[in-house]
There are 2 protein chains.
Amino acid sequence: MLKHSKQRDAIKNFLADRYDHPTAETVYMNIKKEFPNISLGTVYRNLSLLAEIGEIQKLSTGIGPDRFDGNTAPHYHFICNCCGNVLDLNVNGLEHINILAAQDFDGEIEGHVTYFFGKCPCCKANGRAS
Amino acid sequence: MLKHSKQRDAIKNFLADRYDHPTAETVYMNIKKEFPNISLGTVYRNLSLLAEIGEIQKLSTGIGPDRFDGNTAPHYHFICNCCGNVLDLNVNGLEHINILAAQDFDGEIEGHVTYFFGKCPCCKANGRAS
DNA sequence: GATTATATCAGTAATAGTTCTTAATATTGG
DNA sequence: CCAATATTAAGAACTATTACTGATATAATC
């Protein structure tokens, strides 16, 4: 049974307003402005809980700490090899790749996770190296 | 300047013979049979080094520790939601998804990482739940 | 509204996975 | 063979995350 909590609300609302996929640490630092006594453990617990019930998305990019996304609409993510920023990426026509994957596979494909890597618009414009 | 090392060779050869994507810990346990004094740090350092120069692949699935794959030929990976095993998956027609991703994107897509999730053939056959 | 059950909390300790440091050893170019 | 230096083993340190604790907040029941 799930009880209401101000801390959890604040975490969810904070993520809903951002598009930069903050880490647990960043969420913690920011929620602290509103709840000076909140603990990092509470932030982690609620982020995990929210991700589990599908109200936020957890991004495990393999580079640094996990990141969180308040946007639950289906979309993909791009990670800049150069500056490390994580950007939203709308990619059409990728829905079918589960079917492609299932072609020669005896198990059951239920979903996939894809991260794109490269140079973000900013780093590309400034000629920075990957 | 890269010097030759027996330990690194052993790690690379070990991975070349396996198709189960072992973790650093598993590599360590096995190499220990041949080099009883090898240290876990050495295993980690060489795995990172080998991945960096492209002689093995590092898999950061977001679930548990990183895994390593001696097969450098392009292929995808499947993670069983049920038993956690990581399987190789050959998926045709996925080469173009970088182009799809680049469509509405001002940066530069250099690559992607995709993990498929679901029920492996074994868990499916045994009717296990995800 | 008071009572009760329990989910959540803050604070902190503990863990997992990985990287770093150090002094000794192994490899290679000259 | 010798000097230069990459690599090693051992263990400390570090980062990210989870677990434990007793206290507090929330919601259901009386």
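Here the structure is a predicted model, which is why all the values come from computation and not from measurement. By convention in this document, chain letters (A, B, ...) are assigned in the order of the sequence lines, proteins followed by strands, and residues within each chain are numbered from 1.
Comparing Phe35(B) and Arg67(A) by the nucleotide of DNA chain D that holds the closest heavy atom to each, the one mapping nearer the 5' end is Phe35(B). Mapping Met1(B) and Ala24(B) onto DNA chain C by nearest heavy atom places Ala24(B) at the nucleotide closer to the 5' end.
His21(B) and Asn85(B) share no donor-acceptor pair across their side chains, judged by distance under 3.5 Å alone. At a cut-off of 3.5 Å, with distance as the only test, a side-chain donor of Asn81(A) or Glu110(B) sits close to an acceptor on the other residue.
Which of dA6(D), dT17(D), dT26(D) sits closest to the side chain of His4(A) comes down to dT26(D). Listed nucleotides dA9(D), dG11(C), dT17(D) differ in distance to Asn37(A); the shortest reach to its side chain belongs to dG11(C). Listed candidates were dA9(D), dT8(D), dT18(D). Nearest to the side chain of Lys58(A) is dT18(D).
Protein atom CG of Leu47(B) is 14 Å distant from nucleotide atom P of dT7(D), rounded to whole Å. With rounding to whole Å, Lys6(A) atom NZ is found 12 Å from dC9(C) atom C1'. What separates CE of Met29(B) from P of dG17(C) is a distance of 13 Å, to the nearest Å. Computed from coordinates, the Tyr28(B) OH to dT18(C) C1' distance equals 14 Å when rounded to whole Å. Atom CG of Leu40(A) and atom C1' of dA10(C) are 12 Å apart (whole Å). Between the CD1 atom of Ile11(A) and the C1' atom of dC9(C) there is a distance of 11 Å, rounded to whole Å. Atoms CG (Leu49(A)) and P (dT17(D)) sit 16 Å apart, rounded to a whole Å. Summarising the geometry, the separation between CD on Glu25(B) and P on dT19(C) is reported as 14 Å, rounded to the nearest angstrom.
Judged by distance alone, with hydrogens and angles left aside, the side-chain atoms of Tyr115(B) form a donor-acceptor pair with the main-chain N or O of Ser60(B) at under 3.5 Å.
When the side-chain nitrogen and oxygen atoms of Ser5(A) are compared with OP1 and OP2 of dA7(C), none of them lie within a distance under 4.0 Å. In this structure, Lys3(A) does not reach the dA5(C) phosphate: none of its side-chain N or O atoms is under 4.0 Å from OP1 or OP2. Put simply, Ser39(B) has no side-chain N or O that comes within less than 4.0 Å of OP1 or OP2 on dA10(D). Taking only side-chain nitrogens and oxygens, Tyr44(B) comes nearer than 4.0 Å to OP1 or OP2 of dT18(C). Side-chain nitrogen and oxygen atoms of Arg8(A) include at least one within less than 4.0 Å of the OP1 or OP2 phosphate oxygen of dT8(C). Considering only side-chain N and O atoms, Gln7(A) lies nowhere under 4.0 angstrom from the phosphate OP1 or OP2 of dA25(D). Remark: Asn46(A) is in phosphate contact with dC9(C), judged by side-chain N or O atoms under 4.0 Å from OP1 or OP2. For dC9(C), one of the phosphate oxygens OP1 or OP2 lies less than 4.0 angstrom from a side-chain nitrogen or oxygen of Arg45(A).
With Arg8(B) as the fixed residue, the side-chain contact (heavy atoms from CB on, under 4.5 Å) test singles out one of Leu47(B), Asn13(B), Asn46(B): Asn46(B).
Looking only at side-chain heavy atoms (C-beta outward), Phe105(B) and Leu87(A) come within less than 4.5 Å of each other.
In this structure, CD on Glu55(B) lies 8.5 Å from OG1 on Thr72(B), to the nearest 0.5 angstrom.
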